[in-house]
Every structure is written in C-alpha cells, then in structure tokens.
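Shown next, in structure tokens, is the structure this report addresses.
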Amino acid sequence: MNLKAINVAEFDACQKCTLCESFCPVLRVETAFPGPKLAGANSARLGVMKDGHTGLKGIDYCSDCRTCNVVCPSGIKPATLIMRQRWQMKEKSRPTLRDLVLSRPDLIGALASRWPAAVNFSLKQKLIKKATARFASIAPARNLPAYARVNFRRWYATNRYRTGIKTGRVVYFHGCYTNYNRPETGRDLVLLLEGNGIKVEVPKQNCCGLPKSLNGNMRSSRDLAAANLQHLLPYVEEGVPIIFTCPSCASMIKYYYPEVYRLPGAEKVAAASFDACEYILAVMPGLSSNGSLGPVLLKIAYHTPCHLRSQGIGTPALELLAAIPGLDIHALGNNCCGMSGTYGYKAEKYGLSLKIGAPLFREIKDYRPDMVATDCGSCMMQIEERTDYPVIHPVELVYRAWKVAGERQTTG
Ligand code: SF4
Ligand code: SF4
Ligand code: SF4
C-alpha cells in the first residue's frame with residue numbers, strides 16, 4: 001500500500017499559528033500527546049519522518065475527531081497525516097485481541113443479533129465485564145451497547161410503506177450502529193422518506209471500515225472500502241444520491257476513501273454522499289412551512305458530533321429541528337463527547353475519554369433538557385451513560401413531528 005507517498009509540500013503552508021492545538025480536545029487533557037501541530041504538519045514539513053512516520057510517542061492518543069482539519073486556516077489536514085502515520089507504525093505489528101474485537105462491529109453485531117436478549121443480559125453481568133476487562137482490555141466501567149431484537153435490515157426487508165408515488169430515489173448507508181443497535185433511526189428515516197414519495201434503496205453494504213483503520217487493521221479496512229464502492233458506484237452512476245444517518249460512516253466514505261485509500265470511484269461516490277438531514281432539507285424544502293410537521297413539546301439540547309462538524313456542511317439537523325413547532329431547541333457548544341467510536345472502550349483511554357467529554361456533560365446537566373439529540377451513535381452512548389438523559393437521533397424527532405401532523409389531518 002503506497003501510504004508512504006505523503007506529499008510533504010502539502011504541509012509547507014503551516015504558519016505555526018497553533019489554532020489546531022488550541023482546538024484539539026485530546027491535547028487539552030493529555031500532556032503525553034504531541035498534538036496536531038507537532039505530530040502533523042511540523043513533522044512532515046521538517047522531514048523528521050522515517051518509514052512514513054515520525055515515531056513520536058503518544059501519537060496513538062489522537063482520537064481522530066478531525067477538528068484540527070477543520071480549524072486550520074492554511075487548509076492543512078493534520079488528522080489525515082496523523083492517521084497515515086499511525087497506519088505506517090502499526091503495519092508491522094499484530095493487532096491485539098481487543099483491537100480485533102473492536103474493529104468488527106459488523107461481525108459482533110451479526111452474532112449478537114441472533115440471541116439479542118441473552119447477549120444483552122450477559123453484557124450487564126459483572127463477571128462478563130470483568131472477563132472483557134481482563135482478557136480484552138475493555139474498560140470495566142464502560143456500558144457495552146445493547147443489541148436490537150430485530151435489526152434494521154430485517155425490518156427493511158419486510159416492513160415498508162409502498163406509496164406508489166415516487167418523486168425521488170435514494171440509497172441509504174445505514175452503518176453498523178443503526179443496523180444492530182438502533183434500528184429505529186433507519187426505520188424512521190425510511191418511513192419519513194417513503195411517506196413523502198421517495199424510494200429508499202438499501203443495497204448490500206459492509207462496515208465502512210473506520211473501526212478497522214483506527215485499530216491497526218488498515219489493509220482489511222481498505223478491502224471493506226473497495227467492496228463498499230463496488231456496491232454503491234452503480235447507483236451513483238445512475239444519478240442516485242447516498243445518504244447517511246451516521247456522520248462517522250459518512251466522513252469515512254467522503255474523505256478517507258478518496259484522500260487516504262485513493263480508491264478508484266471513491267471521488268464519485270464521495271461527491272454523491274450526503275448527511276440524511278442535509279438531504280431532507282434539500283428535497284423537502286417546504287417541510288417547515290407547509291404544516292407537514294406537528295408539534296413536539298420537548299426541551300432538547302443538540303450536540304454536533306465532531307465527524308459532522310468536520311464535513312463542513314453546517315448543522316442541518318439543527319435547522320430541521322428548529323422547524324418543529326413546540327420544540328424548544330438549544331445548540332450545545334462545540335465540545336467533543338470523548339467517545340470517538342472505539343476509543344472510549346479501551347481500558348487505557350477510558351479515563352481520558354471522560355475527561356475530554358466533561359465540559360459537554362456539564363453543559364447538558366446545567367441545561368436540564370428532556371432529551372439530548374445528536375446524530376452519532378457513539379456520542380449517543382457516551383452522553384446517555386455520563387448524563388443519564390435519554391438521547392435521540394434528530395431524524396427520529398422529525399419523523400415523530402411528521403407523524404403527529406399526519407394524525408391531526410386524519411382526525412381533523
Ligand atoms: S484529530 Fe482531533 S484528537 Fe487528533 S490531533 Fe486532530 S484535533 Fe487532536
Ligand atoms: S492550524 Fe494549521 S497552520 Fe496553524 S499550526 Fe496547525 S497545522 Fe499549522
Ligand atoms: S462508522 Fe458507521 S459503518 Fe463504520 S463502524 Fe461506525 S457505525 Fe459502523
């Protein structure tokens with residue numbers, strides 16, 4: 001794999017303004033982390049890399065939140081460079097048992113959803129938690145995710161609106177979390193779109209490969225990426241857009257497939273990929289003004305996931321939620337939740353993950369909402385666990401409001 005070909009000239013533009021350092025949520029709490037300026041732009045620029053990496057100790061603390069990519073005024077992408085270096089460093093070592101387990105949410109999900117009740121019961125048992133801590137270095141205090149009784153793909157295969165009115169067609173990339181842990185997000189998206197005449201296709205798809213790439217199994221992550229492109233490209237060539245409810249899957253496919261894996265067809269697929277709320281706003285512009293949304297009387301705090309912010313598309317969910325009558329919506333500050341996918345599960349990073357998320361948890365508790373809304377599954381788990389507030393995906397709230405309006409029309 002030709003990841004050694006890092007274009008050092010890309011990083012010549014670094015003006016050492018340290019903005020990336022000021023915004024890095026890990027550097028704020030972990031002094032052993034060299035940070036995005038040193039491990040990213042400066043290492044490349046000053047040519048201190050050997051075999052494609054700096055060998056800097058502590059580089060693995062980077063949570064890949066990609067905030068540094070967004071804030072750099074010179075357009076440098078320190079997170080992307082750090083990611084490439086980590087891969088170079090890990091290429092020669094074998095992944096640990098823990099990293100192998102964490103990098104397969106698709107496989108674990110498929111197995112767990114065969115016996116969800118038994119698995120969910122076991123995951124709460126102290127003995128099982130102790131065993132996962134001892135043999136797999138998973139933080140014993142961390143709640144493990146619960147598995148749905150009926151996964152999203154099974155639901156999709158049997159329960160859909162078929163309105164007959166087709167005003168559009170879209171492909172949905174659901175990702176592992178929606179499929180195995182929170183199928184209601186995918187279900188509500190399909191019901192909302194198909195109820196408005198947009199046909200939702202759910203083709204064969206693999207995990208996006210992000211957990212593998214973050215846990216040192218990049219070759220296999222790249223294979224998943226290549227297979228996903230094969231599944232998605234035929235639709236894109238027919239002009240069908242791809243939508244995501246998980247910002248991490250979206251940013252993996254939009255940025256890492258073309259920028260890091262540099263796979264054929266990746267640019268085309270990236271250009272046709274959209275966040276689900278961004279898509280809803282674009283294809284249903286009248287949603288807020290034509291009485292399509294009924295009242296939902298809740299006080300909601302909205303958290304923007306880092307992987308959504310790093311896409312540079314603003315906050316489409318917030319715009320949609322603001323259109324729901326009666327919804328009291330408050331945008332939380334730009335604080336990372338600290339979970340970062342599999343990062344917060346690791347015994348050695350658990351404490352750090354809580355320290356990173358502490359300002360966000362405080363802000364939520366001070367605001368005292370009825371619920372928190374956020375787009376990312378791992379943010380959902382971390383916020384629910386650390387604040388005890390229920391967490392919901394924005395698409396689920398929009399569907400709820402649309403259903404209320406529909407019920408009012410039929411009874412009125
Ligand atoms: S990706 Fe996030 S954690 Fe990593 S260096 Fe950039 S800002 Fe820091
Ligand atoms: S924000 Fe960009 S220009 Fe400023 S120090 Fe970081 S990499 Fe260099
Ligand atoms: S980013 Fe999406 S597809 Fe990738 S592991 Fe997470 S949920 Fe699965």
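Hydrogens, waters and symmetry mates play no part in the numbers below; they use all other heavy atoms, side chains included. Order of appearance sets the numbers: ligands from 1, and atoms from 1 within every ligand.
The shortest contact between atom 6 (Fe) of ligand 2 and any protein heavy atom is with Cys20 SG, 2.3 Å. Looking only at protein heavy atoms, the nearest one to atom 7 (S) of ligand 2 is Ala41 CB, 3.7 Å. Gln15 N, 3.4 Å is the protein heavy atom nearest to atom 3 (S) of ligand 2. Distance from atom 4 (Fe) of ligand 2 to its nearest protein heavy atom, with residue and atom name: Cys17 SG, 2.3 Å.
Tyr343 and Asn215 form no side-chain donor-acceptor contact under 3.5 Å, judged by distance and modelled atom types alone. Using modelled atom types, one finds a donor on one side chain and an acceptor on the other under 3.5 Å when comparing Ser353 with Gln382. Side-chain contact annotation: Tyr345 with Asn143, donor-acceptor N/O pair under 3.5 Å absent. When only modelled atom types and interatomic distance are considered, Tyr257 and Asn228 share a side-chain donor-acceptor pair under 3.5 Å. Looking at Gln15 and Ser74, their side chains do bring a donor and an acceptor atom within 3.5 Å of each other.
Distances from ligand 1 to the non-hydrogen atoms of Ile82 include at least one value under 4.0 Å.
Of the candidates His393, Arg182, His174, Thr245 forms a side-chain contact (heavy atoms from CB on, under 4.5 Å) with just one, namely His393.
Side chains of Val70 and Thr67 form no contact here, defined as non-hydrogen atoms less than 4.5 Å apart. Using a 4.5 Å heavy-atom threshold, the side chains of Ile364 and Pro369 count as touching.
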Between Tyr172 and Phe152, is the ring-ring contact (aromatic ring centres under 6.0 Å, His included) condition met? List the steps. CA-CA 11 Å; Tyr172 176 39; Phe152 170 72; 5.5 Å; yes
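For ligand 2, the atoms closer than 4.0 angstrom to any heavy atom of Thr18 are 4 (Fe), 5 (S). Within the listing of ligand 2, atoms 3 (S) sit less than 4.0 angstrom from a heavy atom of Ser74. With ligand atoms numbered from 1 in the order given, ligand 2 contributes 5 (S) to contacts under 4.0 Å with heavy atoms of Lys37. For ligand 2, the atoms closer than 4.0 angstrom to any heavy atom of Pro73 are 1 (S). With ligand atoms numbered from 1 in the order given, ligand 2 contributes 1 (S), 2 (Fe), 3 (S), 7 (S) to contacts under 4.0 Å with heavy atoms of Cys72.
A cation-pi arrangement, defined by a distance under 6.0 Å to the six-membered ring centre and an angle within 45 degrees of its axis, is absent between Lys254 and Phe244. Relative to the six-membered ring of Tyr367, Arg362 misses at least one condition, a distance below 6.0 Å or an angle of at most 45° to the axis.
For Glu21, no heavy-atom contact with ligand 2 is shorter than 4.0 Å. By the criterion of a heavy-atom distance under 4.0 Å, the side chain of Phe33, and not its backbone, is placed next to ligand 1.
At least one N, O or S atom of Cys14, from either the backbone or the side chain, sits less than 2.8 Å from atom 8 (Fe) of ligand 2.
The stretch residues 323-336 participates, sequence neighbours left out, in these side chain to side chain donor-acceptor pair (under 3.5 Å) pairs: Arg309-Asn334.
Around atom 2 (Fe) of ligand 1, the protein contributes the following N, O or S atoms at distances under 2.8 Å: Cys65 SG.
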